[in-house]
Amino acid sequence: MNESDVLILAIESSCDETAAAVVQNGREVLSNVISSQIELHKLYGGVVPEIASRKHIEKINQVIEEALEVSGKQLSDMDAVAVTYGPGLVGALLVGVAEAKAISYAAGLPLVGVHHIEGHISANYIENKELEPPFICLVVSGGHTHLVRVSDYGEYEILGRTRDDAAGEAFDKVARAIGLGYPGGPKIDQLSREGDPLAIHFPKAKIEDAPYDFSFSGLKSAVLNYLNGCMMRGEEVNKADVAASFQKAVTDVLVEHAMMAVKESGMDKLAIAGGVASNGTLRAAMEAACRENNIRFYRPSPVLCTDNAAMIGAAGYYEYKKGVRHGWDLNAVPNLKLGER
Ligand code: KG4
Ligand code: ZN
């Protein structure tokens, strides 16, 4: 460790994962502890905000202690505390923000608030040491579907976004409709391996005046109509075919838009991020399209695609280096916009 090395204690609690990590110089993860609440929310078919907040309170101290212990570092070795302060569930975010403020105050450390999506994008820096902006990033999570031009560290231009459901939300809703339970993404990913992606033709939405924007609610309705039609006709539904065909429709649109954005911006690098970026079919399709078009393709390991604090440590480092510091008045901002500080 050099004098100039920067160690960040990062905290994430925006949805249903309580997570803490120690990250060195933005790219080296010394620990990455995630306590998932999925089993708890499964009972209700989705995340229950009140339960999420309560569980974060129960777990957060333990998760942070473990992150420090695994890293082999002390709180006094840290240079800053980074925390997700939006977007997300307000009660869940508040737990992490209050904890980060308390720790940074008690330990005399600077506080750096981080945008959750900036965290997802920055997850790509961890395993790709050579990746530097500018590049295009497709962010596909449970709450967001954004096509972003990353001009520099912390500098973003949103080229396209979803007009209705996020990609992950569509996965979750379709999974529920075919009786797979929560969270739907990984279950559809799994089941689709036994299905035929060409079995059912589901429509792809195009938005005329905004070619980079997405819309998934029409696709979701088409799946529901298909299921209803089968039921009315007394036909048995092949769930694996529905899963594979739906997944293909989502993947095709994501790949098409991403390729168009990279080409039209004159860039040669594409990264993907967010929970849906751990989808096997999407990763393979995006990789093939990039290869065909001579585009360098980056994607985090699945554990760094879904919510974690290592990505907040990566993003927090670049914010810290820019001189971003938050005060004790830092609050949770449930609808925080990307690029706002
Ligand atoms: O990024 P994330 O962990 O949380 C948010 O910031 O929203 O994303 C969660 C979303 C959920 O909708 C989940 O169903 C989806 O990511 N997801 C997947 C897969 N793993 C998680 N979707 C498709 N395939 C997967 N393997
Ligand atoms: Zn997320």
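For the single chain, residues carry numbers from 1 onward in sequence order. Order of appearance sets the numbers: ligands from 1, and atoms from 1 within every ligand.
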Checklist entry - Under the 6.0 Å and 45° cation-pi test, does Arg163 pair with Phe216? => result no
Which atoms from ligand 1 have a heavy atom of [X] less than 4.0 Å away?
X: Ser278; result: 19 (C), 20 (N), 25 (C), 26 (N)
X: Gly142; result: 5 (C), 7 (O), 8 (O), 9 (C), 10 (C), 12 (O)
X: Thr306; result: 3 (O)
X: Gly168; result: 12 (O)
X: Gly143; result: 7 (O)

For the 3.5 Å polar cut-off, considering only N or O atoms, please tell me whether [X] and ligand 1 meet it.
X: Gly185; answer: yes
X: Asp189; answer: yes
X: Gly274; answer: no
X: Pro183; answer: no

Starting from [atom], which protein heavy atom do you reach first, and at what distance in Å?
atom: atom 21 (C) of ligand 1; result: Gly275 O, 3.4 Å
atom: atom 15 (C) of ligand 1; result: Val276 CG2, 4.0 Å
atom: atom 11 (C) of ligand 1; result: Asp172 OD2, 3.6 Å
atom: atom 3 (O) of ligand 1; result: Asp307 N, 3.1 Å

Item to check | Pairing residues for Glu39 by the salt bridge (Lys or Arg N to Asp or Glu O under 4.0 Å) criterion, not counting sequence neighbours | outcome: Lys42
Checklist entry - Excluding sequence neighbours, so at least two apart, what forms side-chain contact (heavy atoms from CB on, under 4.5 Å) with Leu43? => result none
Item to check | Contacts of type side-chain contact (heavy atoms from CB on, under 4.5 Å), residue Asp241, not counting sequence neighbours | outcome: Asp196, Ala199, Ile200, Asn238
Item to check | Closest heavy-atom pair and its distance - Gly113, Leu330 | outcome: CA-CD2, 4.2 Å
Next on the checklist: Can you give me the closest heavy-atom contact between Gly26 and Ile126, atom names plus distance?
Outcome noted: O-CG1, 4.3 Å
Please tell me whether [X] and [Y] form a close aromatic pair, meaning their ring centres lie under 6.0 Å apart.
X: Phe171; Y: Phe246; answer: yes
X: Phe214; Y: His257; answer: yes
X: Tyr318; Y: Tyr125; answer: yes

Checklist entry - Does even one non-hydrogen atom of His116 get within less than 4.0 Å of ligand 1? => result yes
Checklist entry - Hey, does His120 sit under 4.0 Å from ligand 1 if you only count heavy atoms? => result yes
Item to check | From Glu118, His115, Lys337, residue fulfilling side-chain hydrogen bond (donor to acceptor under 3.5 Å, both in side chains) relative to Tyr156 | outcome: Glu118
Item to check | Tyr85 and His326 aromatic ring geometry - parallel, tilted or perpendicular at 30°/60° bounds | outcome: tilted
Checklist entry - Going by distance alone, is a donor N or O of one side chain under 3.5 Å from an acceptor N or O of the other, for Glu17 and Asn308? => result no
Checklist outcome for this item: Any protein N, O or S atom under 2.8 Å from the Zn ion (ligand 2)? Found His116 NE2, His120 NE2, Asp307 OD1
